[in-house]
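Structure record follows, encoded as structure tokens.
All chains are named by letter (A, B, ...) in the order of the sequence lines, taking the proteins before the strands, and each is independently numbered beginning at 1.
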There are 2 protein chains.
Amino acid sequence: MATTQPAAVDRPATIHDIAALCGVAASTVSRALSTPDRVNIRTRQRIEAAAAQLHYTPNSQAKALSSGRTGAVGVLVPDITNPFYFDLIRGTQLQLKAAGYTQLLVDTEESDEVEASTVEQLRKSADGIIVAASRLSDEALLDAAAKMPLVTINRDVPGVPAVLIDTPAATSQALDHLISLGHTRVAYVAGPPTSQSSERRWTALSEAAEERGVEVRRLGPFAPKTQSGAAAADAAVHSGVTACIAFNDLIAIGMLQRLRERGIRVPEDMSIVGCDDIFGADFCNPPLSTMASPIEQAGRVAVSMLLAQLNPLAGGGTRSRSVMPTHLTVRGSTGPARQAS
Amino acid sequence: MATTQPAAVDRPATIHDIAALCGVAASTVSRALSTPDRVNIRTRQRIEAAAAQLHYTPNSQAKALSSGRTGAVGVLVPDITNPFYFDLIRGTQLQLKAAGYTQLLVDTEESDEVEASTVEQLRKSADGIIVAASRLSDEALLDAAAKMPLVTINRDVPGVPAVLIDTPAATSQALDHLISLGHTRVAYVAGPPTSQSSERRWTALSEAAEERGVEVRRLGPFAPKTQSGAAAADAAVHSGVTACIAFNDLIAIGMLQRLRERGIRVPEDMSIVGCDDIFGADFCNPPLSTMASPIEQAGRVAVSMLLAQLNPLAGGGTRSRSVMPTHLTVRGSTGPARQAS
DNA sequence: AATCAAATGACAACCGATTGCCAAATGTTG
DNA sequence: CAACATTTGGCAATCGGTTGTCATTTGATT
């Protein structure tokens, strides 16, 4: 009666159960399972058989505690309900799973504080972090990146590995498209003030406008939600422009709805260009011209860059910056400029 | 030089650091932090001050290992990119965070195997599980529910706590709506064969149809994606019906697109009713009539039910079944039946 | 002031793995 | 057959907490 347990309890099996069943030490079991060639092949097979028989699954908590590696990667997004992130999340999830990692998805609610505290917590419970559209300061990001492997998405901070979606380049494409349609008064509908993406797009756009000699004014900021579209649309109409390039598709779709309510025709009276080509951009009314990019792929690339940091051995010089191409997809929301009355 | 560490290393602080700083035992620190009233208030304050000073954050792995509670809840969805789940996820995330839990979100890729292995793994790394639209068999779910706290969403298995979205009830509402518009030949566009929701809707719909003496035929099954809408639309047209009730909005929106391509007018030639009122249902063309329900709230309720299982003490008899109301939202995709030629 | 109950804090075992170190077993070679 | 190199496997410490047990201190009561 001095043995540990009658074995048949429904509690998950541990290496000790296996060890007892095989008559070896727990450490031998551990080695057999994680460093197979340091254990006699016959012993190993016995252990493997016992493990299978007991339906053994290693306890990840315990493993993490003793080894320091958690096998998890945190993925931080500002807003889970923003369709832009769906494909991103899908991309990271697939790539992480393929590499044997678990994804810890966190919605930071567009808050730098939530983001900071999450990063701090993840420092212990994850091996690395992927931060999309970070709201943190450059310093905070650099600091975090110094403490643990980290990759940003759409956030360019020198010294922090990043995947950048090259929407700034696409904005000048969009501008050319609008100019070719005869538009000369264009507005940029800005996103949140804390979004670096929005800034980068504005910078690229205003430079392109200057080169081409057209006027681009800036409206906003607006929250990246369809609800903000109403205010954005009103601002655009009031400003007298004939075309808008919106920070993202959510705002653009919201504008479409508002303009329709107000009886302003798109694209006859106003052209709208969105950004991201999210779910819905192809079936809204009219279908949205927008700047598309391989978002799921961006997620995969971010994971690859992070894994390269985690296992520096596996060849491939650690790239610290990856730019995803973007292109303009023209649909029904852009058309010839209305003749000035 | 016999002390542990010169303290100032950048490694996260542990209770031992705090204990050393205060000159007490580590266990006292643990108690001060988790069972405050079992420790002298002055000592406690010293400890709290030290903890703050060292930026102490408890190591969740270690906590989980020794206490058995992980503070995490797994949330399983069949497809993260399906907008239906966005609000659900948002709801669970908010409610879990409010209760101090972490959400482990997993995309099971509509696969029962992935789902089963995830459940098995989560058994050790989570305190409970919420499974949306499970693809598992009744037995597997019962089994899993016996091993750990579990709540399903939209999956009715006797003995397993569930949150059900009452779309079956709404289907008869939708049918009445169509009948009142003069439709007599209606199709149900079925979802995946493994989806119990789809079955429940079909059962309710065909019963309602029988009562009312109209013909409802079943088409499909179709995958719950917009891409499937094309095949569904073609099948509907071929079957000669004048109205369709689709398994969900994704399929319905896909049908809308296909019908438009084929020059079939909605709702003049064909009425379409979707289900779920997902992101996009209000701005597609035409806007989709659909069965709406408080999805985010469903997520919150599921979390509440799970937490009730986890802390049986906190009053409120454990409800094992919660039904969310649903109602038909009429938009532009339904209209009077075309006159039989 | 003496007595006793209650509050407090330290010790140590434990959760389930990993891993450094060393001893035993094995095989090889001269 | 002895001596030595090489595997192989076990012991025990460790990760960072939690928790049961028990001795001690504190305070209240008479």
Side-chain angles (χ1 to χ4, degrees), chain A residues 4-5 7 9 11-48 50-51 54-72 120-127, chain B residues 4-5 7 9 11-48 50-51 54-72 121 123-127:
Chain A
T4 47
Q5 277 281 352
V9 283
R11 166 184 48 83
T14 73
I15 51 171
H16 297 97
D17 299 328
I18 301 179
L21 191 60
C22 296
V24 299
S27 57
T28 303
V29 177
S30 174
R31 285 212 179 73
L33 264 25
S34 51
T35 328
D37 23 278
R38 295 196 48 69
V39 155
N40 183 301
I41 184 156
R42 297 214 315 279
T43 312
R44 194 178 86 208
Q45 287 174 339
R46 261 172 47 223
I47 289 176
E48 284 170 349
L54 297 176
H55 298 106
Y56 169 75
T57 330
N59 179 314
S60 54
Q61 321 274 355
K63 186 178 273 190
L65 187 54
S66 55
S67 70
R69 282 165 270 113
T70 65
E120 186 55 33
Q121 190 190 333
L122 249 30
R123 201 169 142 203
K124 281 172 220 140
S125 50
D127 294 342
Chain B
T4 49
Q5 275 281 352
V9 285
R11 170 183 48 79
T14 72
I15 51 170
H16 297 98
D17 299 327
I18 300 179
L21 190 61
C22 297
V24 299
S27 58
T28 304
V29 177
S30 173
R31 285 215 177 72
L33 265 25
S34 52
T35 328
D37 23 278
R38 295 196 50 68
V39 155
N40 183 303
I41 185 156
R42 295 214 316 278
T43 313
R44 193 178 88 208
Q45 287 173 340
R46 260 169 52 221
I47 290 176
E48 284 170 349
L54 296 176
H55 298 106
Y56 169 76
T57 332
N59 180 314
S60 55
Q61 323 272 357
K63 187 176 271 190
L65 188 55
S66 55
S67 69
R69 283 167 268 111
T70 65
Q121 191 192 331
R123 202 171 140 200
K124 280 169 217 144
S125 50
D127 294 342

Note to self: Quick check for you: to the nearest 0.5 Å, what is the distance between B/T28 atom OG1 and B/N40 atom CG?
What the structure shows: 11.0 Å
Next item on the list: Hey, could you give me the CG/CD distance between B/N59 and A/Q121, rounded to the nearest 0.5 Å?
Entry: 10.0 Å
Next item on the list: Dump the intermediate steps for side-chain contact (heavy atoms from CB on, under 4.5 Å) on A/T35 and A/V39, then the final yes or no.
Entry: CA-CA 8 Å; A/T35 328; A/V39 155; over 6 Å; no
Next item on the list: For B/V29, answer base if it contacts any base atom (sugar-phosphate contacts may also be present), sugar-phosphate if it contacts only those atoms, and nothing otherwise; contact means non-hydrogen atoms under 4.0 Å.
Entry: nothing
Check: Which value, rounded to the nearest 0.5 Å, describes the distance between B/S30 atom OG and B/I18 atom CD1?
Finding: 10.0 Å
Margin query: What's the angle between the local helix axes at either end of the helix from C/dA1-D/dT30 to C/dG30-D/dC1, using five pairs per end and rounding to 10 degrees?
Written below: 40°
Checklist line | Separation between NE2 of A/H16 and CG of A/L21, rounded to the nearest 0.5 Å | finding: 14.0 Å
Item checked: Summary of protein contacts for nucleotides 14-19 of chain D, nucleotide by nucleotide, where a base hit scores B, a sugar-phosphate-only hit scores S (4.0 Å, heavy atoms) -> -BBBBB
All N/O donor-acceptor pairs, side-chain side in residues 63-71 of chain B, below 3.5 Å, sequence neighbours left out:
{"residue": "B/S66", "atom": "OG", "partner": "B/A62", "partner atom": "O", "Å": "3.1"}
{"residue": "B/S67", "atom": "OG", "partner": "B/K63", "partner atom": "O", "Å": "2.6"}
{"residue": "B/S67", "atom": "OG", "partner": "B/R69", "partner atom": "N", "Å": "3.2"}
{"residue": "B/S67", "atom": "OG", "partner": "B/R69", "partner atom": "O", "Å": "3.4"}
{"residue": "B/T70", "atom": "OG1", "partner": "B/A72", "partner atom": "N", "Å": "3.2"}
{"residue": "B/T70", "atom": "OG1", "partner": "B/D127", "partner atom": "N", "Å": "3.3"}
{"residue": "B/T70", "atom": "OG1", "partner": "B/D127", "partner atom": "OD1", "Å": "3.0"}

Margin query: Nearest 0.5 Å, please: how far is OH in B/Y56 from CD1 in B/I47?
Written below: 11.0 Å
Item checked: Interface limits on DNA chain C, where chain B has a heavy atom under 4.0 Å of a nucleotide atom -> C/dT8 to C/dG16
Check: Do any N or O atoms from the side chain of A/K124 and from the backbone of B/P12 form a donor-acceptor pair under 3.5 angstrom?
Finding: no
Margin query: If I take atom CZ in residue A/R38 and atom P in nucleotide D/dT6, what distance separates them, rounded to the nearest angstrom?
Written below: 14 Å
Check: Listed by chain and number, what are the side-chain contact (heavy atoms from CB on, under 4.5 Å) partners of A/S60, not counting sequence neighbours?
Finding: B/S125
Margin query: Taking any heavy-atom pair under 4.0 Å as a contact, classify B/T43: base, sugar-phosphate, or nothing.
Written below: sugar-phosphate
Next item on the list: Sorted by first residue and then second, give each salt bridge (Lys or Arg N to Asp or Glu O under 4.0 Å) pair with at least one member in residues 30-45 of chain B; sequence neighbours left out.
Entry: B/R44-B/E48
Notebook entry, point to check: What's the CG-C1' distance between A/N40 and D/dT6, to the nearest Å?
Noted result: 14 Å
